[in-house]
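In what follows, a structure is listed as structure tokens, so that the remarks can point back to it.
Every chain is numbered from 1, with letters handed out A, B, ... down the list of sequences.
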There are 4 protein chains.
Amino acid sequence: MVAGPEVKLRADARRNLGQILAAARTVFAETGPDVPMEEIARRAGVGVGTLYRRFPDREALVRAVARESLSDVAAEARRAVEESSSAWAALVRLLRHSRQLHVLAQLTLLSSRTREMLCDDAEARRSYREVLTTLREIVNAAQREGTLRDDVGAGDIAVVFSLLLKQTPATHTSDLPALERAFGLMLDGLRARTGTPLPGRPITEEDLLAEETRGS
Amino acid sequence: MVAGPEVKLRADARRNLGQILAAARTVFAETGPDVPMEEIARRAGVGVGTLYRRFPDREALVRAVARESLSDVAAEARRAVEESSSAWAALVRLLRHSRQLHVLAQLTLLSSRTREMLCDDAEARRSYREVLTTLREIVNAAQREGTLRDDVGAGDIAVVFSLLLKQTPATHTSDLPALERAFGLMLDGLRARTGTPLPGRPITEEDLLAEETRGS
Amino acid sequence: MVAGPEVKLRADARRNLGQILAAARTVFAETGPDVPMEEIARRAGVGVGTLYRRFPDREALVRAVARESLSDVAAEARRAVEESSSAWAALVRLLRHSRQLHVLAQLTLLSSRTREMLCDDAEARRSYREVLTTLREIVNAAQREGTLRDDVGAGDIAVVFSLLLKQTPATHTSDLPALERAFGLMLDGLRARTGTPLPGRPITEEDLLAEETRGS
Amino acid sequence: MVAGPEVKLRADARRNLGQILAAARTVFAETGPDVPMEEIARRAGVGVGTLYRRFPDREALVRAVARESLSDVAAEARRAVEESSSAWAALVRLLRHSRQLHVLAQLTLLSSRTREMLCDDAEARRSYREVLTTLREIVNAAQREGTLRDDVGAGDIAVVFSLLLKQTPATHTSDLPALERAFGLMLDGLRARTGTPLPGRPITEEDLLAEETRGS
DNA sequence: TATGAATGAGTTTTCATTCAT
DNA sequence: GATGAATGAAAACTCATTCAT
């Protein structure tokens, strides 16, 4: 019974699992991480029992959703690098189009409880590192190509955009244009050749990983 | 004319009221608006009953804290204008030093429930308008003095910084340097003469107030 | 400080006492014996503290109201005997006009808790006996004059009319005609020469007092 | 056509539901409608949660109990008509044997809050009408057969006996003989050929229904 | 295996009673 | 003595989690 990750699952069981994760992702994004478990189950079209069979408690579910998001982001980051014509374009694409980041942000950054949880999770940590590594590649490349200011590190990018993405999503559709503009302002702040030096030294991805280890 | 509601309170009662509001502000900022009422009461050094005597229910308390924060911010904004040597300096000061904004952000921006609540509150609305008005003065002056890019409005500033301030405060002290840097990036994005035009038109404070009215 | 019953009271204190009792009586009648103490105090125009100075707890207040009512009823009963032209008239008058009985009924009969309380109260018991004694005189006289059926005792009267009076008063004004009619039906049931013998033997006032003692 | 709402319930769930309703009925009758929900749950042998799963709040439970009682009474009324040898016998049987009426009386007549609640409940209203209709049949028949006085309507009967039934039941077993006698007195008051005309005109069942509609 | 019923601990809220002013 | 603020125990209600079907 210790078989492969998610191999031996009956067809319907696998489908349920998918629906649960999808529902959780949506509901977390809409309502935050405190939604009743029954709500999640209902949205997934299953009973609570089924939900609890897959995920022993709320934490496990949150963790799973976060893992999935992180891994999606990691994949998207890689694709962004591969398919973009410039490092700057890759950066913009990664940051703008990664819808998953919303959930990620909701989960990882809103509550410090959740944050701590993820620190204990090997798989999540792996994906997180992967994202940061790719981000560093992008950052390096963009700085080489002269589009990104030199005094920022991958960690700075991660911080700035986690802020941007924390915006409660889905609810305030009317705010979207305002957010697009805020996004633009941030990009402008990041561009090479802009004004003032930042205080301190670039935040690298090692800084973030270290912090994670320290427990913050 | 400002006397009004909270006049005739016994000395100890007034003290308790203050402690409750202070405790609530702190706890909301630390833990979000869902902390148990008992926790708030305990931190304020009073019994739950006392808390409920002042605020008939949680909503009333949240509203009161938000009002207070908004009014503090409004005052700080005015002071920033008066005491700063340039409009840009006023902007930076307002944005950086307004610790109250943390609570405000927690309350107003994190949950849309809370947001709606505030829309029904005349006093809160008045302060909010006041903040935005002062912000517009600063924006106008800064654009005249050539320090702030021309294609942003007071609303843009409000949005960008509400994002920045949403960061769960007080808890992650380790993040502070990172946040300072993010702050710097945003300021650089706002500076006159920066790169690319933003999409759409400036978000004015009327936009924000209208949105508030629409309810959306 | 063990002086006479309610002698040494400052003028305002006496006034307060009266207002409290009056308010309590009203509110008990309107809302039942579970009204918040603050409500009673407010209606009496005093603070809760004042109320508690006079009556160490809710039970004491209830007891006092009941005592007062019982003693009013006893007085009214005596007057009814003295001022009526016939025993039957006295009975009808006593039963119909004694508005106090409403409160009395509310208190004594609705809840058995209250009932028990009164059993422990010497003064209340004294008034109660007085009422029953007068009622027995009326019953005896009415039966001698041939207007009241012979197979009922003072206890039966007390029971029947306590039922009638239990009607939540004051609220359903629209029911008043209906209640008048019910009252008439009962009187007709009590008239001499009516139909069927009742089961058992007349309930005397001793029965009621005994029951009271037994604790029921 | 009577199937409907409560069909698809698991065996144990249905049992629990029954126990809850039974317990509620008992406890309401014993203690009135203000008993703690936990008490009801305990008596039913379930957790509070279970109780709240079936009935979203106290009001819903009270409503359900009242519905059930009313519907039982309606059924009993029909049986009384069918199985009795005379209309008078039917009346006596209905009034004496309907134990359910106790609960009904507790709920409907004691507190006006509860009364209002029932007015909003279609099913309860239906049963209530049914009871009154059957009562009218009985009244008409009894008057035709000359056993019931002519100047009363179904509404009068309902009023008189709701008074009688308001007696807190079950607790004061010692009062039962006294109540039986009061019951007898009332019946004698209702008999044809008795004394004095009643004030006003007969209270019909339309009067009661109208009143219900008026809300007053 | 899936389901949704049951449980009970945790929260919100009320109110009798005490106590500082 | 009067007042109304403070207290905390108790009641209503919610929801994470377990368990019978």
D/Arg58 CZ to F/dA11 C1', straight-line distance once rounded to whole Å: 9 Å

Could you tell me whether the phosphate oxygens of F/dA5, OP1 or OP2, come under 4.0 Å of any side-chain nitrogen or oxygen in B/Asn16? no

Take atom CD1 of B/Ile20 and atom C1' of F/dA5, then tell me their distance rounded to the nearest Å. 11 Å

Can you figure out which of E/dT1, E/dA6, F/dC13 approaches the side chain of D/Arg53 most closely? E/dA6

Round to the nearest Å and state the distance from D/Asp57 atom CG to F/dA11 atom P. 18 Å

Could you tell me the separation between the CD atom of C/Glu38 and the CG atom of C/Leu51, rounded to the nearest 0.5 Å? 10.0 Å

With a 4.5 Å heavy-atom cut-off, do D/Ile40 and D/Phe28 have their side chains touching? yes

d(CZ, B/Arg14; P, F/dA6) in whole Å: 12 Å

Considering just the side-chain nitrogens and oxygens of D/Thr50, establish if one lies under 4.0 Å of OP1 or OP2 belonging to E/dA5. no

Distance check needed: E/dT3 P versus A/Arg42 CZ, whole Å only. 14 Å

For DNA chain F, whose closest nucleotide is more 5', that of D/Met37 or that of B/Leu51? B/Leu51

Reading 5' to 3' and counting Watson-Crick or G-U wobble pairs with both distances under 3.5 Å, write the dot-bracket notation for DNA chain F, | for bases paired outside the strand. .||||||||||||||||||||

Please figure out whether C/Glu38 or A/Gly45 has its closest DNA chain E nucleotide nearer the 5' end. A/Gly45

Strictly below 4.0 Å, N to O, side chains only: are C/Arg25 and C/Glu30 in salt-bridge contact? no

Separation between CD of C/Glu39 and CG of C/Asp34, rounded to the nearest 0.5 Å: 13.0 Å

Each nucleotide N or O in nucleotides 18-21 of chain E that has a protein N or O under 3.5 Å away: list the pair and distance.
none

Nucleotide E/dT11, atom P - distance to CZ of B/Phe55 in whole Å: 21 Å

Judged by atom type as modelled, is there a donor-acceptor pair below 3.5 Å linking the side chain of B/Arg58 to the main-chain atoms of B/Pro33? yes

Heavy-atom side-chain contact between D/Thr50 and D/Arg53 under 4.5 Å: no

Report yes if the side chains of C/Arg67 and C/Leu21 come closer than 4.5 Å at any heavy-atom pair, otherwise no. no

Straight-line distance of A/Glu123 CD to A/Leu70 CG, nearest 0.5 Å: 9.5 Å

Could you tell me whether the side chain of A/Asn16 reaches within less than 4.5 Å of the side chain of A/Arg54, counting heavy atoms only? no

When the distance from CD of D/Glu39 to P of F/dA10 is rounded to whole Å, what number comes out? 14 Å

Taking only side-chain N and O atoms of D/Arg54, does any of them lie within less than 4.0 angstrom of OP1 or OP2 on E/dA6? yes

A/Leu17 CG to E/dA2 C1', in whole Å, measures 14 Å

Please examine the side chains of B/Phe55 and B/Ile20, heavy atoms only from C-beta on, and report whether any two atoms are closer than 4.5 Å. yes

For B/Gly47 and D/Val35, take the nucleotide of DNA chain F holding the closest heavy atom to each; which residue's nucleotide lies nearer the 5' end? B/Gly47

